[in-house]
Amino acid sequence: MIISEFKKIVLAALCITIASHAFSQNKDIQGKEWDKMHQSKKQALQDFNEAKFGMFIHWGAYSMPAGIWNGEKIKGLGEWVMYHARIPREEYKKMCSRFNPVKFNAEEWVKAAKMAGMKYIVAMPKHHDGFAMYDSGVTDYDIMDMTSFGRDPMAELYQACKKYGIKFSIYYSHATDWMDGGDAGVSDYLATHPEEAKKSQTNHWVKWPANLWDPAPVSFTEYLEKKSKPQMRELLAKFPGMQEIWYDVPKNMTREQSFEFYKLVYDIQPSCLINSRVGNDFGDFWVPGDNKIPESGEAKDLYWETPGTLNNTWGYKSYDVDWKSTEELIFWITEITSKGGNYLLNVGPTGEGVFPQESLQQLKEIGDWMSVNGESVYGTKKWEINHEGPTSLSVKSTEDRAKNGFTKEFSPEDFWFSAKDNVLYVTALKWPESKKVLVKSLAVVPGAGPLKIQSVKMLGSTQKVSWEMTPDGLQVSLPEGKPNPNGFVLKVTFKK
Ligand code: GLC
């Protein structure tokens with residue numbers, strides 16, 4: 001592709017991202033009210049884009065069995081052990097009461113996030129198992145009341161985040177609660193969707209992911225009113241100044257219910273952002289999918305965030321050793337950045353409360369890259385194209401990645417782009433042996449006059465970079481020295 005007027009493009013990109021997005025097309029009363037609340041969050045969305053890179057932490061009582069129940073390896077995600085092993089509620093509760101993560105140290109976790117160049121943490125006060133990892137006044141089914149641990153890990157993380165200048169946020173499973181959530185709204189949903197009700201006789205996915213093996217004897221509404229909403233309100237009161245709320249699996253929720261969960265956040269923390277998994281198009285930013293990067297252009301003008309794993313599970317599984325390589329993880333960061341998104345990279349600490357050694361190593365190597373090249377990530381926007389070069393790769397889901405592995409070989413002709421003001425960042429994941437690269441997207445356009453490049457530098461290097469505009473592209477001779485082994489970033493500054 002040929003680029004002629006850089007300035008115009010940057011301006012256009014800015015306008016697009018500022019413009020209102022495509023959520024909640026439906027302008028009923030709730031749609032209108034949502035619109036007002038959402039419009040008031042422009043600054044918060046810009047801050048979210050500035051931050052770009054965060055840490056997800058899946059940690060709960062399920063981290064203790066680590067994917068094994070009664071001596072058997074349980075298929076699926078670590079945090080789903082209760083579901084896949086069909087563990088009765090009382091039995092699961094007993095397991096929770098033994099949870100004693102003596103090695104948990106909030107400051108160590110926050111320091112690890114900082115080391116990796118992450119700017120925020122999305123912690124996990126309650127996942128689908130319903131066990132509160134904080135001192136909840138709503139229930140005794142929480143770490144303070146049920147275990148001998150006697151500490152509130154969420155409160156400790158909140159404090160540690162404050163201390164180290166990391167923004168704190170939470171994940172909360174609002175609709176699914178295998179302990180107290182009844183049937184997760186399945187019967188209410190099927191009562192109003194006869195077609196789906198018919199399907200449900202042959203297709204078990206219709207009732208996914210409800211606890212139907214030993215459901216709590218309450219209605220879904222009772223659960224929402226007596227546990228889910230009160231817990232969300234107490235969390236919002238307990239942790240002021242959060243960046244985002246990560247709701248999850250809104251499957252059977254009605255439009256009214258999703259709206260209420262959006263609004264209750266706004267009422268207590270008006271600038272806190274809410275992800276699209278609140279359900280029914282009420283979100284401030286979009287979640288394309290687990291370990292899923294949208295295709296070019298698919299995200300349109302939305303702010304978005306992809307959650308990703310370091311292996312193939314979120315909650316710790318002792319036998320998942322398919323750790324992603326540093327190159328793969330840097331690819332994820334680079335590809336997501338080049339498409340304008342945020343990356344929320346997960347760590348699954350052990351039942352004792354420590355990060356797996358392999359994860360610490362991954363975070364360190366990412367941090368080494370970010371400390372040199374982070375400028376190409378934080379606060380940048382997508383450019384006209386996201387990538388040039390021979391290697392294209394599409395990753396669709398956690399399962400997809402687990403099944404197919406990561407086999408792509410990048411080449412020194414692969415470049416990813418991100419932009420900020422009058423700067424274009426050109427990222428390569430491979431060093432060329434020849435020390436010469438050609439960025440074809442920056443070709444001289446016959447008749448249009450040369451692009452007005454003011455300077456070309458390499459991030460992390462003080463050495464002079466020699467460059468030349470040619471009809472084939474921007475020709476660059478790389479200087480001596482490698483600021484990071486996993487490729488480099490060229491900073492191309494245009495005259496204003
Ligand atoms: C899925 C899973 C959940 C995980 C989440 C992360 O929705 O149900 O276990 O927390 O993805 O994005």
Side-chain angles (χ1 to χ4, degrees), residues 53-67 69 74-87 92 118 120-133 154 169-179 181 184-186 204-205 207-212 228 232 243-253 258 261 273-280 283 285-294 304-317 320 324 332 336 341-349 359 395-402:
F53 187 33
M55 177 183 279
F56 217 176
I57 306 179
H58 276 65
W59 189 56
Y62 46 77
S63 311
M64 194 168 44
W69 194 255
I74 306 300
K75 64 164 186 177
L77 304 166
E79 71 282 10
W80 277 66
V81 67
M82 182 179 180
Y83 183 92
H84 289 302
R86 301 288 190 266
I87 304 173
Y92 192 84
M118 291 155 163
Y120 56 99
I121 283 180
V122 178
M124 190 142 312
K126 190 199 89 166
H127 202 267
H128 306 334
D129 65 347
F131 186 59
M133 291 290 287
M154 293 302 114
S169 296
I170 55 168
Y171 167 108
Y172 186 85
S173 175
H174 59 329
T176 303
D177 188 313
W178 298 319
M179 188 59 65
V186 168
H204 74 277
W205 282 110
K207 294 182 177 172
W208 176 94
N211 174 353
L212 299 178
S228 193
M232 269 307 297
Q243 171 176 292
E244 64 193 74
I245 300 296
W246 235 86
Y247 286 125
D248 200 16
V249 194
K251 184 132 177 284
N252 301 306
M253 289 198 121
S258 293
F261 274 90
L273 300 174
I274 295 159
N275 72 343
S276 55
R277 290 196 188 163
V278 64
N280 293 287
F285 64 88
W286 180 46
V287 179
D290 295 341
N291 283 301
K292 180 174 180 205
I293 304 181
W304 57 277
E305 177 177 63
T306 284
T309 44
L310 285 170
N311 46 358
N312 300 313
T313 179
W314 307 93
Y316 181 63
K317 260 177 107 173
D320 182 340
K324 291 177 181 167
W332 280 83
I336 288 172
N342 278 35
Y343 190 27
L344 185 62
L345 182 56
N346 180 72
V347 178
S359 299
V395 195
K396 297 185 193 79
S397 66
T398 314
E399 298 71 32
D400 182 47
R401 164 63 183 77

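Values below: all heavy atoms of this structure, side chains included; hydrogens, waters and symmetry mates excluded. Sequential numbering from 1 along the given sequence is applied to the chain's residues. None of these values were measured; they are calculated from a predicted model. Counting starts at 1 for both ligands and their atoms, following the listed order.
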shortest atom 1 (C) of ligand 1-to-protein heavy-atom contact is with Asp290 OD2, 3.1 Å
Do Lys292 and Asp400 sit within salt-bridge range, that is, some charged N less than 4.0 Å from a carboxylate O? no
Identify the two heavy atoms, one from Met232 and one from Ile170, that lie closest to each other, and give their separation to 0.1 Å. SD-CD1, 4.5 Å
Which protein heavy atom lies closest to atom 10 (O) of ligand 1, and at what distance to 0.1 Å? His58 NE2, 2.5 Å
Which residue holds the protein heavy atom closest to atom 9 (O) of ligand 1, what is that atom called, and what is the gap in Å? Glu79 OE2, 2.5 Å
Using ring centroids (six-membered ring only for Trp), state whether Trp246 and Phe56 fall under 6.0 Å. yes
Only heavy atoms of His127, strictly under 4.0 Å: list the atoms of ligand 1 that pass. 3 (C), 4 (C), 9 (O), 10 (O)
Applying a strict 4.0 Å limit to heavy atoms, is Arg277 in contact with ligand 1? yes
Salt bridge between Asp290 and Arg401, side-chain N to carboxylate O under 4.0 Å? no
Which heavy atom of the protein is the closest neighbour of atom 5 (C) of ligand 1, given with residue, atom name and distance? Asp248 OD2, 3.4 Å
Have a look at Tyr62, Tyr171, Trp80, Trp314 and point out the one with the heavy atom closest to atom 2 (C) of ligand 1. Trp80
State the CD1-OH distance between Ile245 and Tyr172, to the nearest 0.5 angstrom. 11.0 Å
Side chain or backbone of Trp246 under 4.0 Å from ligand 1, or both, or neither, by non-hydrogen atoms? side chain
Roughly how far apart are Asn342 CG and Ile336 CD1, rounded to 0.5 Å? 9.0 Å
